[in-house]
Amino acid sequence: MLITHDTRCALDAVVDLVNTAPEDQTTDGLADVASLADFVRKHEISDVGVLSEHDLAAVRKIRDRFAGIFAAEDPRTAAALINELVAAAGTTPRLTDHDGYDWHVHYFAPGASISDHLAADCGMALAFFVVAGEQERLRRCEAPDCRRAFVDLSRNRSRRYCDSRTCGNRLHVAAYRARRKEAAS
């Protein structure tokens with residue numbers, strides 16, 4: 001599956017956005033307008049004006065809707081959720097070559113709000129996976145104490161953890177210690 005630079009950026013943004021949601025007792029990664037501004041800077045999201053509390057509330061709302069796409073049981077459910085997000089954003093595809101990047105497509109209208117921008121660009125990035133029959137690559141970490149979202153871009157669709165160095169390694173070490181303890185008994 002060919003993933004262009006702008007699609008990869010949108011995928012990274014949507015995964016990070018979904019993962020800002022408070023899980024259990026953790027804090028919200030989008031606690032205030034300043035954290036939303038940090039998110040925008042981190043992901044180099046263009047065409048964003050001055051952010052407000054209204055923007056923060058709207059982004060939190062679409063974050064919850066994106067989380068539903070990662071939780072979707074089947075492509076039809078994921079497609080319906082994506083269609084709702086993209087339609088509500090009022091997508092306006094246009095070619096652009098800003099900030100030193102080659103030609104790519106933005107799906108949001110010039111001057112769109114940050115929530116419409118994310119809904120359109122990230123929604124379309126996820127739509128490509130559904131269209132390609134790859135919706136199962138939109139996953140949640142299988143570690144029992146982690147439910148972070150990620151996109152499995154491995155060749156054989158075998159990734160199970162959001163980060164193999166943390167969640168994956170922690171589970172492998174725990175299994176190894178359990179086997180050693182059992183063998184010693």
Side-chain angles (χ1 to χ4, degrees), residues 3-73 77-101 104-130 135 138-141 143 145-151 162-163 166-167:
I3 298 176
T4 61
H5 171 77
D6 54 313
T7 300
R8 181 60 194 248
C9 289
L11 290 172
D12 290 345
V14 72
V15 165
D16 283 354
L17 178 62
V18 169
N19 289 334
T20 64
E23 294 287 330
D24 300 324
Q25 300 300 324
T26 62
T27 59
D28 191 329
L30 291 179
D32 51 28
V33 175
S35 57
L36 177 58
D38 289 343
F39 178 87
V40 167
R41 271 190 299 282
K42 175 184 176 187
H43 291 284
E44 299 177 351
I45 300 172
S46 61
D47 287 339
V48 176
V50 176
L51 298 170
S52 67
E53 289 291 332
H54 174 76
D55 292 315
L56 179 62
V59 169
R60 284 179 179 159
K61 185 176 178 181
I62 64 160
R63 173 182 68 186
D64 294 342
R65 297 178 81 191
F66 277 124
I69 295 166
F70 279 85
E73 295 289 324
T77 303
L81 293 169
I82 292 168
N83 283 339
E84 288 174 16
L85 268 169
V86 171
T91 56
T92 308
R94 63 188 170 97
L95 288 169
T96 183
D97 66 343
H98 64 88
D99 298 330
Y101 295 108
H104 59 281
V105 179
H106 280 188
Y107 294 95
F108 57 92
S113 68
I114 182 64
S115 60
D116 285 347
H117 180 134
L118 291 170
D121 268 4
C122 296
M124 291 305 298
L126 297 177
F128 295 136
F129 281 82
V130 174
Q135 182 253 336
L138 310 177
R139 297 191 175 162
R140 290 289 190 156
C141 184
D145 59 340
C146 179
R147 295 298 299 148
R148 292 178 59 84
F150 68 95
V151 177
C162 63
D163 186 345
T166 55
C167 291

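Everything numeric in this text was worked out from a predicted model, so none of it was measured.
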Peer 1: Once side chain to side chain contact (heavy atoms under 4.5 Å, CB included) is applied, do any residues pair with Glu44, and if so which ones, sequence neighbours excluded?
Peer 2: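 With neighbours one apart ignored, the set is Tyr101.
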Peer 1: Is the shortest distance from a Lys or Arg side-chain nitrogen in Asp32 or Arg60 to a carboxylate oxygen in the other one below 4.0 Å?
Peer 2: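 Salt bridge between Asp32 and Arg60, a charged N being under 4.0 Å from a carboxylate O: no.
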Peer 1: Do Phe108 and Thr91 have side chains that get closer than 4.5 Å, going by heavy atoms?
Peer 2: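 Side chain of Phe108 against side chain of Thr91, heavy atoms only: no contact under 4.5 Å found.
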Peer 1: Would a 4.5 Å heavy-atom cut-off, applied to side chains only, mark Thr96 and His104 as touching?
Peer 2: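 Sidechains of His104 and Thr96: in contact.
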Peer 1: Are Asp16 and His43 packed together at the side-chain level, in the sense that at least one heavy-atom pair is separated by less than 4.5 angstrom?
Peer 2: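 Heavy-atom side-chain distance check passes, below 4.5 Å.
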Peer 1: Quick check with a 6.0 Å cut-off and a 45 degree axis cone: is Arg148 positioned over the face of Phe70's six-membered ring?
Peer 2: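 No - Arg148 does not lie over the ring of Phe70 by the 6.0 Å and 45° rule.
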Peer 1: Indicate the atoms forming the closest heavy-atom contact of Arg140 with Ala67, along with that distance.
Peer 2: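 In this case the closest contact between Arg140 and Ala67 is NH2-CB, 3.6 Å.
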Peer 1: Kindly give the heavy-atom pair with the smallest separation between Arg65 and Glu84, and that separation in Å.
Peer 2: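 Heavy atoms only, the tightest pair is NH2-OE1, 3.0 Å.
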Peer 1: Rounded to the nearest 0.5 Å, how far does CG of Asn19 lie from SG of Cys141?
Peer 2: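 Going from SG on Cys141 over to CG on Asn19, the span is 9.5 Å.
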Peer 1: Assess whether side chain to side chain contact (heavy atoms under 4.5 Å, CB included) is satisfied between Phe39 and Val59, documenting all intermediate values.
Peer 2: CA-CA 11 Å; Phe39 178 87; Val59 169; 5.9 Å; no
Peer 1: Walk me through whether Lys42 and Asp38 qualify under salt bridge (charged side-chain N to carboxylate O under 4.0 Å, His left out).
Peer 2: CA-CA 6 Å; Lys42 175 184 176 187; Asp38 289 343; over 6 Å; no
Peer 1: For Arg94, is the CZ atom crowded, meaning more than 12 foreign heavy atoms sit under 6.0 Å from it?
Peer 2: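 More than 12 within 6.0 Å, yes.
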Peer 1: Checking Thr77 side chain against Glu73 main chain: does a donor-acceptor pair fall under 3.5 Å?
Peer 2: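 No, Thr77 side chain to Glu73 backbone: no donor-acceptor pair under 3.5 Å.
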Peer 1: Enter the distance from Leu51:CG to Leu36:CG here, rounded to the nearest 0.5 Å.
Peer 2: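 Answer for the CG-CG pair, Leu51 versus Leu36, is 5.0 Å.
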Peer 1: Take Asp55 and Val33 through the test side chain to side chain contact (heavy atoms under 4.5 Å, CB included) and record every step on the way to the result.
Peer 2: CA-CA 8 Å; Asp55 292 315; Val33 175; over 6 Å; no
Peer 1: Of all the heavy-atom pairs spanning Arg63 and Pro22, show the shortest one and how long it is.
Peer 2: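 So the minimum-distance heavy-atom pair works out to NH2-CD, 4.0 Å.
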Peer 1: So, for Asp6 and Thr4, which heavy atoms are closest and what is the spacing to 0.1 Å?
Peer 2: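 In this case the closest contact between Asp6 and Thr4 is OD1-OG1, 2.8 Å.
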Peer 1: Do you know the tightest heavy-atom contact between Asp28 and Leu30?
Peer 2: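 Looks like OD1-N, 2.7 Å.
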Peer 1: Got a list of side-chain donor-acceptor pairs under 3.5 Å for residues 110-130, not counting sequence neighbours?
Peer 2:
unit_1: Ser113; atom_1: OG; unit_2: Ser115; atom_2: OG; d: 3.1
unit_1: Ser113; atom_1: OG; unit_2: Asp116; atom_2: N; d: 3.1
unit_1: His117; atom_1: ND1; unit_2: Ser46; atom_2: O; d: 3.4
unit_1: Asp121; atom_1: OD1; unit_2: Tyr107; atom_2: N; d: 2.9

Peer 1: Provide the closest heavy-atom pair for Ala78 versus Gln135 in the form atom of the first, atom of the second, distance.
Peer 2: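 Between these two residues, the closest heavy atoms are CB-CG, 3.9 Å.
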